[in-house]
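Below is one structure; the comments refer to it alone.
In what follows, chains are A, B, ... by sequence order, proteins preceding strands, each numbered from 1. Please read these numbers as outputs of a predicted model, since none were measured by experiment.
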Amino acid sequence: MEILLPDDHAYPRPDIPAQLVDGLNPPQREAVEYRGDALLIVAGAGSGKTRVLTHRIAGLIATREAWPSQILAITFTNKAAAEMRERVGQLLGDSVEGMWISTFHSACVRILRREAERFGYPQGFTIYDSADSKALMKRIVKSLEAESLGVTVPTALNRISSCKNELIDPDGFARKTDLTNPREQLILEIYRQYQRELQRNRAFDFDDLIAQTVWLFRAHPDIAALYQRRFRHILVDEYQDTNHAQYALIRELTRPVAAENVPLDTRIQLAADGSIPPASLTVVGDSDQSIYAFRGADIRNITEFERDFPGAKTILLEQNYRSTQTILDAANAVIGNNFDRRVKNLWTSAGSGKQIQGYAGRSAHDEAQFVADEIHRIHGTGVSYNDMAVFYRTNAQTRALEEILIRAAVPYRLIGGTKFYERAEVKDIVAYLMSIANPNDELSVRRIINSPKRGIGPASETTISNYAADNDMSFREALRQPDAMGFGLKIRNAVAELAAALDEAEASCNPQRPTGAVPVATMLERLIERIGYIEKLRATGNPQDDARADNVEEFVNVAKEYDKQNPSGNLVEFLTEVALVAAADDIDDESGVVSLMTLHTAKGLEYDTVFITGVEEQLLPHKMSADEPGGLAEERRLFYVGITRARKLLHLTMAMSRTQYGETAPSLPSRFLDEVPNELIDWKQSPAEVLSAPMMRGGGGYGGSSYGNSSYGGYGRGGGRGNSELGVARGSGLKQSFKPTRGNRTFDNQVTGKVKDNSALELASGDRVRHTDFGEGTVRAVLGVGTKRIAEVDFDTAGRKKLLIKIAPLEKC
DNA sequence: CACCCAACAATTTTT
DNA sequence: TTGTTGGGTG
């Protein structure tokens, strides 16, 4: 496609309001002002890319080069989208309203719902999350006895997911793969059945959302033209993490519109042949932060951008506005070990700042205790908990961290992990809503048919399913005719009642009804009331069920909040939002707590103080990456992402032994630690120190001495194999007995808090206490009330700690 | 049909 | 170590 205006005419644009370019450095400014078909902004970590993007958008609007509705901005998470919307809003006011600022997934859902009739789906089609896909796949794998050929549920899901990310449908797969291989044949059959089931349930999985949109555009050029005409300026953030399907989507959207698809009344300036020129494309990314290859992200999308979009302009942003030079030096040194990359060097004018803090614990709990102590110390210097974050490679690492943080009364929040929406009870309620929004979604109806318990077991379920198939109706429709299936009275009634409850709920959210649709939350509350979901949970007297009931109530609150934010919203939109929330989305900046998350979720975020934990061989780099091509380089980028999140103070910690699946094994410092220049790290306790003083006692090992004076190995008494003497306390429950305090403080084998309840313990300043791990000490202060009482204790050997009295293994002495 | 227990497997990162 | 699945019993 011809570029309409030659480069030197297009740039610079003098008419962009000064406040949009003032204060930008030269490359930033150029990135805001450049005009042309394609622009690649290579934005190093912390180089102000969000600022550039928002100002660029605002510039397009302010100069009247574009209407708000002609802007499509794609981000990686909803949170990033919300932030961008907010910041563009600050620059422009109400004009943001008409823009599409969203994730790939939400943008695609929006398109798919609009065009649903064109491919025979209801507008309220269901979106299956990974758990739903898994459940579906389980059934298929089982029915085909695929496991006997070594095709497990995760393998099958992975294969299909990569197919979709590559835009390969079952037929395409059949063409590409070696069908003489029975295993491949089996996977093809699984893929076929899986897609058939999705289709039958009128559902899409996550990967479908992108792939089906691309296929829709390719099959219906007129639909594609609609969006090609509409979006004149497309901006994509985190471009290095796009997969092939996402890339193809962008390509579809940036095609010129052929003359025959141009309506007569268009206000867009046409090319000479009557076609509409392609939309302008701006992508922002950093190949050093590409960490999603495992789910199909193709780094070549960014490295070959200039080839894909001839005439593209590239701008490099290397000045960092986030971190100290020390942190950047570490980051640069680490990433420099990846060859085959465009060299980029982050720099700052902010000064070198504090040294990186290193700590090698003897166990994961020891490591966690260091984290807890540091958090307290730093909080004491006036840093808010909000501004601190703890990162780890695998979710399994949270256990030890949580145990210690709870005990140490550090307020924290887990980001991601077992998410709220993945809890069984919440999924149940969502399944109710999906059943209502999409009656064809058999999977969801089946999920809730006996939840809460109604006495409808697997046998009855199969009967209904068969009846539905025989009579050519949906599963949900069949529920309305329980009399025809030869059930006993009890089951008949139960089924009829469920059908009626669903029908009533469905009717209440129909906008066509005389009194109008009822808000989502109201409908939901009535439904829960009618089926007695919460009531039945509360009745069991089981505290876990109580917690479940709380979660359901919390979900109702989510619905209420949604209604408040979206007065004209509806059930389908609510479900869309629920289906597409990501881990990073629920970070609340005001919550006043420390954030815990995986290195992956940390991408795009920043904190004053950062802890990267578990910097060990086998963990970071993770052992699974070893035999994947490019695996090590990706792990390194992950570490790099973690480092560059820190603004002022970075901690790198590890444990010299780690317990996994109940087995404790020694661990080695990560090779990445060697890549950080020595002089940048201040080891509070180095791996060597741990090894040379293996039998430390009391608080000697960490904490206490490690902060000042230190005396490693000084009085380490031989004898006692680490935890052998701990055999005691384990299950014994109450009062946590007296365990010899001289033990070294490995926490392995330690009970976690649930078994004991110290809430009755009364402490006052000056009391002498004994702690299972820290030995004896003097209470300095007691803060808080009730179950949240915190004791600040000066331990004789372990230093000063804050402890949550309720669950600390603490007693008076 | 619901519940309990025993055996068993599985453990990277996530839109 | 944890969670899940399967079989057997009430």
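- Atom pair A:Lys603:NZ and B:dT12:P shows a separation of 21 Å (rounding to whole Å applied).
- Atom OH of A:Tyr247 sits about 10.5 Å away from atom CD of A:Glu252, to the nearest 0.5 Å.
- Comparing C:dT2, B:dT12, B:dT15 against the side chain of A:Arg399 picks out C:dT2 as the nearest.
- Protein atom CG of A:Asn395 is 5 Å distant from nucleotide atom P of B:dT13, rounded to whole Å.
- Stacking between A:Tyr292 and B:dT13 is absent: the ring centroid is not both under 5.5 Å from the six-membered base ring centre and under 30° in plane angle.
- Between A:Glu367 and A:Arg658, some side-chain heavy-atom pair lies under the 4.5 Å cut-off.
- The closest side-chain heavy-atom distance from A:Glu238 to A:Val284 is not below 4.5 Å.
- For the pair A:Arg295 and A:Asp241, the salt-bridge criterion is not met [side-chain N within less than 4.0 Å of a carboxylate O].
- Near-neighbour residues of DNA chain B inside residues 448-464 of chain A, defined by a heavy atom below 4.0 Å, number-ordered: A:Asn450, A:Lys453, A:Gly455, A:Gly457, A:Pro458, A:Ala459, A:Ser460.
- Relative to the side chain of A:Lys138, the nucleotides B:dT14, B:dT15, C:dT4 differ in distance, and C:dT4 lies closest.
- To the nearest 0.5 angstrom, A:Lys427 atom NZ is 12.5 Å from A:Tyr421 atom OH.
- Atom CD in A:Gln397 sits roughly 10 Å away from atom C1' in B:dT12 (whole-Å rounding).
- Classification of A:Arg454 and A:Glu497 as a salt-bridged pair fails, no side-chain N sitting under 4.0 Å from a carboxylate O.
- Using a 4.0 Å heavy-atom cutoff across all strands shown, A:Glu238 reaches no nucleic acid atom at all.
- Rounded to whole Å, the distance from CD on A:Glu402 to P on C:dT1 is 18 Å.
- One atom, CG of A:Leu157, and another, C1' of B:dT12, lie 16 Å apart when rounded to the nearest Å.
- A:Asn78 has its CG atom 16 Å from the P atom of B:dT14, to the nearest Å.
- Put simply, A:Ser625 has no side-chain N or O that comes within less than 4.0 Å of OP1 or OP2 on B:dT12.
- You'll find that the side chain of A:His105 is closest to B:dT15, out of B:dT15, C:dG6, B:dT12.
- In this entry the distance linking CG of A:Asn165 with C1' of B:dT15 reads 10 Å, nearest Å.
- If you find the closest nucleotide of DNA chain B to A:Glu635 and to A:Phe104, the one lying nearer the 5' end belongs to A:Glu635.
- Using C1' as the reference atom, B:dT12 and C:dT5 are 24 Å apart when rounded to the nearest Å.
- Rounded to whole angstrom, the span from the CD atom of A:Gln246 across to the C1' atom of B:dT14 amounts to 12 Å.
- Applying the side chain to side chain contact (heavy atoms under 4.5 Å, CB included) test to A:Asn337 and every residue at least two apart in sequence or in another chain returns A:Arg636, A:Glu675.
- By the 5.5 angstrom centroid cut-off and the 30-degree plane limit, A:Tyr661 is classified as stacked against the base of B:dT11.
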